[in-house]
Protein chains: 2
Amino acid sequence: MYICPMYSSELIKGTLRTIVLNLLKENGRMYGYEITQRVKELTDDKIQITEGALYPLLHALEASEDLETEVEFIGKRQRKYYRLTKQGKQTSKKKIDELREFIETLQILLDANKGTSHGLIN
Amino acid sequence: MYICPMYSSELIKGTLRTIVLNLLKENGRMYGYEITQRVKELTDDKIQITEGALYPLLHALEASEDLETEVEFIGKRQRKYYRLTKQGKQTSKKKIDELREFIETLQILLDANKGTSHGLIN
DNA sequence: ATGAATACATAAGTTTCTTATGTATATTTG
DNA sequence: CAAATATACATAAGAAACTTATGTATTCAT
C-alpha cells in the first residue's frame, strides 16, 4: 500500500512522447518496463508513467517508424527493446527542442508582471 | 492570411488552466478576449489560446468557484470580467507552484545522462 | 506457496483540447 | 459608405492523449 504524490497529471499530457524519445536518445535502447522505472527513478517518483499510456505510445512510435524493435528472451520472459530509427532521431531532436522552447515561453508567462505595482511582495 | 508558427500544441494541454489562473492573479481582473490577446502578446504569438478552449474553461472555473464575474457594457457590447475568488487564489497558487515544480522535473529528465560517455558533444 | 515484482498488452471511459459554427457590435479602410 | 477586420461572447462535434481497469504470464522473495 503506497501513496502516490504525483503531479495532477494533466501536466504529463503532451510531454510523455518527448520524454520517451529523449530517454531513448540518451540510452540507445530500452524496453517498456525499463522506461517506466527509469522515469520514476529520475524524477524521484514524481512522474510515474502508466503502462496504459506507455505501451500504446511505443506502438504508435513504431508504426510511424520513429522506433524499431528487437525482442529478447530473459528465460521464458520476453523483452521488447526499442531504439530510435534514423527518422526517429530527427523527430526526437525536434520534439526536445520544441519542449525546451515551450518551457522558456512558459517561464516568461509565469514571470510576467512580477515586480510591478500589482504583485508586490507576494 | 497569416501563418501560425505555434507549438505542436499538445504541449499546451494541461497548462492552459494554470496560465489563465496566473494571469488573473497578476492582473486582478480580465475578460476572456483580453486573456487570449495578452497571452498571444506575451509569448510573441507562440501560444494562441483558442476561444473554444478558453470560454469553457472560464465557465468551469466559475462553476467551481475559483472565479467570479461581473459584466460591463462598452457601448452595447458586453464584457465579462473574471477575477479570482479567495478560494481561487489558493487554487492559483497551488497550480502555479505545481507547474514550476513540474518544469524543474522536466529539466532533470531532459538533462539526464548529458555529459556521460553516451551523448558526448551532441 | 503466496505475494510482489517483472513484462507485456488492450479496452472503456474521461479530460481537454481543436475545429467549426453562430450571434452581434465596433472600427478601419478603400 | 460598404466591406472587411477586430472585438466579444458562446456552444457543439470530434480528436488526442491520457487514466483506470483488466488480462496473461514469468520470476523472485519470504
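Throughout, a chain's letter reflects where its sequence line sits, starting with A, and its residues are numbered from 1.
Comparing A/Pro56 and A/Gln78 against DNA chain C, the residue whose closest nucleotide sits nearer the 5' end is A/Gln78. Taking the nucleotide of DNA chain D with the nearest heavy atom to each of A/Lys13 and B/Glu34, the more 5' of the two is matched to B/Glu34. The residue among B/Arg79 and B/Ala53 whose nearest nucleotide of DNA chain D is located toward the 5' end is B/Arg79.
Nearest nucleotide to the A/Gln37 side chain, out of C/dT6, D/dT27, C/dA9: C/dT6.
Among the heavy atoms of the strands lying under 4.0 Å from A/Gly52 is at least one base atom, whether or not backbone atoms are also near. Among the heavy atoms of the strands lying under 4.0 Å from A/Gly75 are primed sugar atoms or P, OP1, OP2 only; no base atom is included. Across all strands, A/Leu16 comes closer than 4.0 Å only to sugar-phosphate atoms, never to a base (heavy-atom distances).
One finds the NZ atom of A/Lys46 at 10.0 Å from the CG atom of B/Leu109 (value rounded to the nearest 0.5 Å).
Panel note: side chain A/Glu51, backbone A/Thr36; no donor-acceptor pair is recorded below 3.5 Å.
Under 4.0 angstrom from either OP1 or OP2 of C/dA5 there lies no side-chain N or O belonging to A/Tyr33. Of the side-chain N and O atoms in A/His59, none sit less than 4.0 angstrom from OP1 or OP2 of C/dC8. Look at B/Tyr55 and you won't find any side-chain N or O under 4.0 angstrom from OP1 or OP2 of D/dA10.
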Which donor-acceptor pairs under 3.5 Å do the side chains of residues 73-80 of chain A make with protein atoms, sequence neighbours left out?
unit_1	atom_1	unit_2	atom_2	d
A/Arg79	NH1	A/Tyr81	OH	3.2
A/Arg79	NH2	A/Tyr31	OH	3.3

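Looking only at side-chain heavy atoms (C-beta outward), A/Leu67 and A/Arg83 stay at 4.5 Å or farther from each other.
For A/Arg77 against D/dT27, a side-chain-to-base donor-acceptor contact under 3.5 Å is absent.
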